[in-house]
Amino acid sequence: MAETCKSCHDPLTLTLDPEESGDEDQTVPDDLLLPCGCHFHWQCLLEQSTTVTSSLTCPSCSSYLPSTTAAGSSSAASSASSSTTTHQPPPTTTTPTILTRYTNEGGVQPNLNIYPTLAEESFVTTHPEARAARAFHTLASEGDTEGMVELLTDLDDDDDPTPEKDEIRLTATQLLVWRDPLNGGRSALHVALEARQEEVVWLLLWLGSAAKGEDFPEAVVQVAQAMGLPRRAGLLSGEEEDVRLVRDGSGRTAGDVCLELGAPWTRLVEGGLFS
Ligand SMILES: [Zn+2]
Ligand SMILES: [Zn+2]
């Protein structure tokens, strides 16, 4: 009677870590129901994200998964605007929608479009370097300067004689100016500014820009020196790309973001830090 996962054939539950739940073998639902009627664990379907996003079919029964209601053929949409459906313009985007019902610890999400999640997972699977870079951006948005420095140090610490065959690593410099194709081409500095993480903004400017030392607050300089973070010579000489010049997908530099945010961020621009 009970459905199982089409991928691993286990029951559609997840066993919680006993240390976290305080209870041994406590299970919670983990049931992703595809439009074709097949059930998967969330993680089991994610592992097949590249196949699903390229074929748009169910990995188990090969049914075509995207919903076909984009042109207003669903009864709810057509009853609300029946006079316009005949002249519906073609959809402006070809991004598919895969509507699922996902049941987990938090409850039921009856109309969850999993395509964006699958596309993101598929992207980082085929672009391994993006995983570290996206982790770096997450740390930036959370204000975790120590985590960021650790990640950068790991990248520069390149004395591993036998890197894995398909391992692609960005250098610290590439990471600082990396633009996230899944987040509007934003750099870490764009992300930090929009999350209003001031310490992170100063850290990125210290490490990734040629801004003059006297433009940094004394406290920032002391912290950077205490952490053993030198300015990068290639930046000061103009050989490396400066984070202040990186434009996101909308053409915005970090200075443009400061002006959008308003006070007190506009002070950074007015103080000449970005010029
Ligand atoms: Zn499974
Ligand atoms: Zn199926």
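Just follow the structure's listing: the first ligand is 1, and inside any ligand the first atom is 1.
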At the Zn ion (ligand 2), what angle lies between atom SG of C61 and atom SG of C36, rounded to 10 degrees?
110°
What angle sits at the Zn ion (ligand 2) between SG of C58 and SG of C38, to 10°?
110°
Tell me if a side-chain donor or acceptor on [X] pairs with a main-chain N or O of [Y] at a distance below 3.5 Å.
X	Y	result
H41	P11	yes
H190	S187	yes
E105	V28	no

I need the SG(C44)-the Zn ion (ligand 1)-SG(C8) angle, rounded to 10 degrees.
110°
Where the Zn ion (ligand 1) is the vertex, angle from C5 SG to H41 ND1 to 10°
110°
Can we say E121 and R131 salt-bridge, meaning some charged N sits less than 4.0 Å from an Asp/Glu carboxylate O?
yes
